[in-house]
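Working notes, beginning with the structure itself.
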Amino acid sequence: MEIEITHPAVNEYLHALLPERDPILQEMETLARERNIPIIGPVVGRILYQLVRLAKAKTIFEMGSAIGYSTLWIARGAGEGSAVYYTDSDPENARQAERFLERSGVRDRVQILIGDAIELLDQTPGTFDVIFNDVDKEQYPQVFHKAIPRLRKGGLFLADNVLWSGRVVQPPQDQNAATRGIVEFNRLIYSSPELYPTILPIRDGFAVCEKVK
Ligand SMILES: C[S@@+](CC[C@H](N)C(=O)[O-])C[C@H]1O[C@@H](n2cnc3c(N)ncnc32)[C@H](O)[C@@H]1O
């Protein structure tokens with residue numbers, strides 16, 4: 001079972017409303033389309049940018065950054081003097097991301113870390129204003145347990161793909177490990193006394209959680 005969360009015509013309408021992206025974001029979008037790299041895309045990119053600005057976030061840890069598309073939206077939102085952590089297990093992704101971030105003029109505010117994002121979070125000291133989770137979906141519950149203690153009070157915990165093309169409503173016996181990971185993650189964020197979560201049913205579902213305790 002796979003469905004589009006927003007009706008395709010509404011999706012098309014939302015995209016048509018968007019202002020044209022700058023040439024580097026456009027190049028990344030084309031590369032992602034051609035190579036089948038799953039990026040958040042411009043509708044969610046704008047949400048990330050906006051939330052980072054509204055939260056006045058200066059330290060952001062991103063888990064699963066691929067070619068740096070979401071990283072670029074975050075780094076622009078966070079502005080000069082911020083510290084944005086890029087993480088990905090694939091060194092080739094990191095090389096591509098580094099080139100894009102360099103060309104965009106935000107390289108100096110991004111730390112590029114290669115390896116397992118959960119281990120890298122463990123190895124990086126400090127607390128963060130925003131943590132954005134976009135790793136393999138089986139790992140989402142583990143990310144929840146690791147990330148929340150590393151977020152400052154009032155900080156934001158964000159996650160992509162939390163409606164997983166509608167597979168979250170499959171009967172449990174039909175769910176694979178990725179779907180089970182997302183379903184458990186959603187249960188965890190909504191039952192945590194530390195979080196105030198909302199799932200935005202945009203694109204593939206985007207979770208916005210404020211750390212309230
Ligand atoms: C959905 S893509 C990220 C897209 C990116 N956030 C964007 O929107 O532009 C997921 C990426 O996470 C990486 N990844 C998955 N699990 C990971 C993990 N545990 N640690 C580090 N990277 C991981 C994959 O290599 C892949 O590039």
Side-chain angles (χ1 to χ4, degrees), residues 2 5 15 18 21-22 24-52 57 60-78 84-101 103-104 106-107 110-124 128 130-147 150 156-165 167 176-182 184-185 200 202-208:
E2 247 181 77
I5 306 303
H15 278 84
L18 296 179
R21 267 79 65 209
D22 66 271
I24 296 185
L25 280 176
Q26 284 187 32
E27 194 179 323
M28 294 169 102
E29 288 167 14
T30 304
L31 177 72
R33 224 177 3 257
E34 287 171 357
R35 305 249 179 97
N36 227 2
I37 301 164
I39 60 169
I40 51 169
V43 173
V44 175
R46 288 177 67 92
I47 299 175
L48 256 186
Y49 173 90
Q50 194 171 32
L51 288 173
V52 164
I60 298 108
F61 198 94
E62 181 180 40
M63 308 180 75
S65 306
I67 59 169
Y69 180 81
S70 47
T71 320
L72 181 51
W73 284 100
I74 291 170
R76 284 180 172 165
V84 178
Y85 291 84
Y86 162 108
T87 65
D88 206 278
S89 49
D90 180 345
E92 181 48 34
N93 277 346
R95 270 191 291 277
Q96 277 181 321
E98 181 163 25
R99 283 196 292 271
F100 283 123
L101 296 168
R103 286 170 56 204
S104 310
V106 299
R107 177 67 185 90
V110 182
Q111 304 284 325
I112 295 185
L113 307 176
I114 302 168
D116 179 70
I118 299 171
E119 286 171 20
L120 291 167
L121 179 64
D122 276 342
Q123 290 160 17
T124 307
F128 301 95
V130 171
I131 298 178
F132 171 45
N133 171 28
D134 199 10
V135 295
D136 287 344
K137 309 311 158 192
E138 297 85 329
Q139 296 180 307
Y140 270 34
Q142 200 189 347
V143 169
F144 167 88
H145 292 296
K146 289 285 189 176
R150 303 301 305 284
L156 297 178
F157 180 46
L158 310 174
D160 194 31
N161 308 109
V162 294
L163 296 178
W164 204 224
S165 300
R167 283 170 290 214
N176 64 16
T179 306
R180 284 196 299 274
I182 302 261
E184 173 61 3
F185 178 82
L200 305 176
I202 287 179
R203 205 183 70 90
D204 201 22
F206 190 77
V208 180

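Just so you know, these numbers come straight off a predicted model, no measurement behind them. All ligand and atom numbering here is 1-based and tracks the order in the structure.
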Which residue and atom name correspond to the protein heavy atom nearest [atom], and how close is it?
atom	answer
atom 20 (N) of ligand 1	Ala117 N, 2.8 Å
atom 12 (O) of ligand 1	Gly64 CA, 3.3 Å
atom 26 (C) of ligand 1	Asp88 OD2, 3.4 Å
atom 8 (O) of ligand 1	Ile40 N, 2.8 Å
atom 7 (C) of ligand 1	Ser70 OG, 3.1 Å
atom 19 (N) of ligand 1	Gln139 OE1, 2.7 Å
atom 10 (C) of ligand 1	Asp134 O, 3.3 Å
atom 1 (C) of ligand 1	Pro38 O, 3.1 Å

Hey, is [X] close enough to [Y] for a salt bridge, meaning N to O under 4.0 Å?
X	Y	result
Arg180	Glu138	no
Asp88	Arg95	no
Asp122	Arg150	no

**Asked** Does a donor on one side chain sit under 3.5 Å from an acceptor on the other, for Glu62 and Ser65?
**Response**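 Per modelled atom types, Glu62 and Ser65 side chains form a pair under 3.5 Å.
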Which atoms of ligand 1 sit under 4.0 Å from any heavy atom of [X]?
X	result
Asp136	15 (C), 16 (N)
Asn93	25 (O), 27 (O)
Ala66	3 (C), 4 (C), 27 (O)
Gly115	20 (N), 21 (C)
Asp116	18 (C), 19 (N), 20 (N)
Tyr69	9 (O)

**Residue pairs, two or more places apart or on separate chains, that pass side chain to side chain donor-acceptor pair (under 3.5 Å) and touch residues 34-47** = none
**Prompt:** Is Tyr86 reaching over with its side chain to a backbone N or O of Ala97, donor-acceptor style, under 3.5 angstrom?
**Reply:**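 No, because the side chain of Tyr86 does not come within donor-acceptor range (under 3.5 Å) of the backbone of Ala97.
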**Message:** Can you list everything that forms a salt bridge (charged side-chain N to carboxylate O under 4.0 Å, His left out) with Arg21? Sequence neighbours excluded, please.
**Reply:**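 If we apply the salt bridge (charged side-chain N to carboxylate O under 4.0 Å, His left out) test to Arg21, skipping adjacent residues, the hits are Glu29.
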**Prompt:** Taking the minimum heavy-atom distance to atom 22 (N) of ligand 1, which of Ser89, Ala32, Ser65, Gly45 ranks first?
**Reply:**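 When every heavy atom of Ser89, Ala32, Ser65, Gly45 is considered, Ser89 comes closest to atom 22 (N) of ligand 1.
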**Message:** Please work out, at 4.0 Å between heavy atoms, whether the side chain, the backbone, both, or neither of Glu62 comes within that distance of ligand 1.
**Reply:** side chain
**Message:** As a quick check of understanding, evaluate side-chain contact (heavy atoms from CB on, under 4.5 Å) for Ile37 and Tyr69, giving each step before the final call.
**Reply:** CA-CA 10 Å; Ile37 301 164; Tyr69 180 81; over 6 Å; no
**Request:** With side-chain contact (heavy atoms from CB on, under 4.5 Å) as the test, would you mind laying out the steps for Ile112 and Val110 before giving the verdict?
**Result:** CA-CA 6 Å; Ile112 295 185; Val110 182; 4.2 Å; yes
**Asked** Relative to the ring of Tyr85, is the ring of Phe61 parallel (under 30°), tilted (30 to 60°) or perpendicular (over 60°)?
**Response** parallel
